[in-house]
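Worksheet: the structure to be examined is printed underneath.
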Amino acid sequence: MDTLQNDTYLRALLRQPTDYTPVWMMRQAGRYLPEYRASRARAGSFLDLCKNTELATEVTLQPLDRFDLDAAILFSDILTVPDAMGLGLYFAEGEGPKFEKPLQHETDIAALAVPDMDKLRYVFDAVASIRRALNGRVPLIGFSGSPFTLACYMVEGSGSKEWRTLKTMMYARPELLHRILDITAQAVADYLNTQIEHGAQAVQIFDTWGGTLSPAAFEEFSLAYMRRIVGSLKREHQGRRVPVVLFTKGGGLWLEQMADAGADALGLDWTCDIGSARSRVGSRVALQGNLDPAALYGSPESIRAETARILESYGKGSGHVFNLGHGISQFADPEHAKVLVDAVHELSRPYHQA
């Protein structure tokens, strides 16, 4: 077993003492990096990049070679699970992901089944390969979309501004949506557990669209299923606790309920003050976040100032993993990302002194 040279990220998620606040960035392997664009061009397409073990490993490590990050995150896509369910994922140029066979008929919904994890072997091969390549430098994060977020794409057939088809089903035929969510939750639990078996040292559930729901609908159609997944996950592997992070974009209103879902940490978007979030959840969970990704368009001085503001708002002690409030923009300057990472490490140390 590789010995972790830097386990600051894992310790922060478990609210154990650390010397500084660890930092990683959602979508840290991405289009803002010229070396990523070169690898993607070699792969031919985004999906081919995800399915090529060698290239998926290469792009996962690219940001770590450039920045002093405290964690790597598996390079993949949240829509691999519905693709394995036979919905036919494809990416239209400039339009984002689409499904050839969206779930809009009762017969298709009745036939939906938990996929054989062998169909996702390329993801697990990437996890194992990345873990070997990291050789203990930093921990590896595995991830999945939440059942509700996956269902948004599975029913709609593509991205959407208002998710009209999905929400029509949710209010007119809720039992159909519950059937999709039930199967998807089982699949996500299997998927994350298999990532853990192959070497993921922490896992994150991305509930990107949960924040579009009413409070009652969030509890019924999103949080209830995330809670079920968290309860099904392997929380220990190779003698180490495997922390779980829940991230609902737009979920700042429901942090108390989310803190009771059984995860170790909650991700925050940038619309939520991290200090008030900390006082609301108390010592139940660690917090991850929450710089506005657009802050990276500012000057190095303004980036340092925003970083300092968030660190001060969180305050003293462990339990904070610094991150953006959502994925880094493809238009961000890599040099500005470096300013952020270095500022977190430098400015956070006083908050960790006894």
Side-chain angles (χ1 to χ4, degrees), residues 8-18 20-27 70-71 73 141 143 146 148-149 202-219 222-224 226-227 230 243-296 303-328 340-341 343-344 347-348 350-352:
T8 310
Y9 163 74
L10 296 178
R11 282 189 287 126
L13 287 181
L14 299 174
R15 303 193 323 281
Q16 295 167 356
T18 57
Y20 60 87
T21 301
V23 56
W24 68 279
M25 295 178 292
M26 288 190 268
R27 221 182 285 140
D70 292 289
I73 182 163
I141 305 166
F143 72 91
S146 71
F148 177 75
T149 290
V203 292
Q204 177 158 323
I205 299 171
F206 284 89
D207 186 32
T208 313
W209 301 115
T212 64
L213 294 169
S214 73
F218 175 71
E219 169 59 49
S222 183
L223 187 56
M226 292 198 287
R227 198 183 286 123
V230 172
V244 179
V245 185
L246 295 185
F247 173 62
T248 295
K249 186 167 182 281
L253 297 167
W254 310 310
L255 296 179
E256 292 86 351
Q257 297 95 301
M258 290 177 70
D260 289 334
D264 299 283
L266 301 181
L268 303 174
D269 66 26
W270 64 92
T271 63
C272 186
D273 178 77
I274 197 166
S276 63
R278 186 182 189 184
S279 63
R280 285 165 59 193
V281 301
S283 60
R284 284 177 285 173
V285 286
L287 294 173
Q288 177 180 278
N290 63 335
L291 184 80
D292 180 353
L296 294 178
I303 293 165
R304 280 179 64 88
E306 275 297 293
T307 303
R309 191 182 58 73
I310 289 168
L311 289 167
E312 184 183 10
S313 179
Y314 184 83
K316 281 195 175 295
S318 190
H320 180 200
V321 171
F322 204 102
N323 206 315
L324 305 173
H326 201 235
I328 189 169
L340 167 68
V341 172
V344 172
L347 301 174
S348 66
Y351 294 102
H352 295 270

Legend entry - Pairwise distance CG(L266) to CG(L13) - rounded to 0.5 angstrom: 11.0 Å
Legend entry - Polar contact flag, side-chain donor to acceptor under 3.5 angstrom, S222-D207: yes
Inset, instruction - Start with the C-alpha gap between M226 and F148, add the side-chain angles, then the distance that decides, and say whether side-chain contact (heavy atoms from CB on, under 4.5 Å) holds. - result: CA-CA 9 Å; M226 292 198 287; F148 177 75; over 6 Å; no
Inset, instruction - Please name the pair of heavy atoms, one in R280 and one in W254, separated by the smallest distance, quoted to 0.1 Å. - result: NH2-N, 4.1 Å
Legend entry - Distance in Å, T21 OG1 paired with H352 NE2, rounded so as to fall on 0.5 Å steps: 3.0 Å
Legend entry - Nearest-0.5 Å distance that lies between atom OG1 in T149 and atom CZ in F206: 10.5 Å
Inset, instruction - Using only heavy-atom distances, determine whether the side chains of W24 and Q288 contain a donor-acceptor pair under 3.5 Å. - result: yes
Inset, instruction - Would you give the length of the straight line joining atom CG of N323 to atom CG of L340, rounded to the nearest 0.5 angstrom? - result: 9.0 Å
Legend entry - Side chain proximity check, S313 to D273, heavy atoms < 4.5 angstrom: yes
Legend entry - Exercise: identify the closest heavy-atom pair between L223 and A261: CD1-CB, 4.0 Å
Inset, instruction - Output yes when E312 and R309 qualify as a salt bridge under the 4.0 Å nitrogen-oxygen rule, no when they do not. - result: no
Legend entry - Test item: K249 side-chain N/O and T212 main-chain N/O as donor-acceptor pair under 3.5 Å: no
Inset, instruction - Look up atom OG1 in T208 and atom CE in M26, then write down how far apart they are to the nearest 0.5 Å. - result: 9.0 Å
Legend entry - Rounded distance [0.5 Å steps], CD1 in I303 versus CG in L291: 8.0 Å
Legend entry - D269 side chain to G325 backbone, donor-acceptor under 3.5 Å: no
Inset, instruction - Determine yes or no for a side-chain-to-main-chain donor-acceptor pair under 3.5 angstrom, with Y314 supplying the side chain and G289 the backbone. - result: no
Inset, instruction - Give the minimum heavy-atom separation between Q257 and L253, together with the two atoms involved. - result: OE1-O, 4.5 Å
Legend entry - Side-chain (S318) to main-chain (Q16) donor-acceptor, under 3.5 angstrom: yes
Inset, instruction - Check A263 against V230 and note the closest heavy-atom contact, atom names and distance. - result: N-CG1, 3.8 Å
Inset, instruction - Start with the C-alpha gap between L255 and L268, add the side-chain angles, then the distance that decides, and say whether side-chain contact (heavy atoms from CB on, under 4.5 Å) holds. - result: CA-CA 9 Å; L255 296 179; L268 303 174; 3.7 Å; yes
Legend entry - Contact check, side chains of L311 and H320, non-hydrogen atoms, under 4.5 Å: yes
Inset, instruction - Return the minimal non-hydrogen interatomic distance between Y20 and S348, and the atom names on each side. - result: CB-OG, 3.4 Å
Legend entry - Pair I310-F322, side-chain contact (heavy atoms from CB on, under 4.5 Å): steps then yes or no: CA-CA 9 Å; I310 289 168; F322 204 102; 3.6 Å; yes
Legend entry - Within-4.5 Å side-chain heavy-atom neighbours: V285 and L246: no
Inset, instruction - Compare all side-chain heavy atoms of I328 with those of P293 and state whether any distance is below 4.5 angstrom. - result: no
Legend entry - Exceeds 12 heavy-atom contacts within 6.0 angstrom, atom CD of E219: yes
Legend entry - Intermediate values then yes/no, side-chain contact (heavy atoms from CB on, under 4.5 Å), S283 and R15: CA-CA 8 Å; S283 60; R15 303 193 323 281; 4.2 Å; yes
Inset, instruction - May I ask you to decide if L14's main-chain N or O and D264's side chain share a donor-acceptor pair within less than 3.5 Å? - result: no
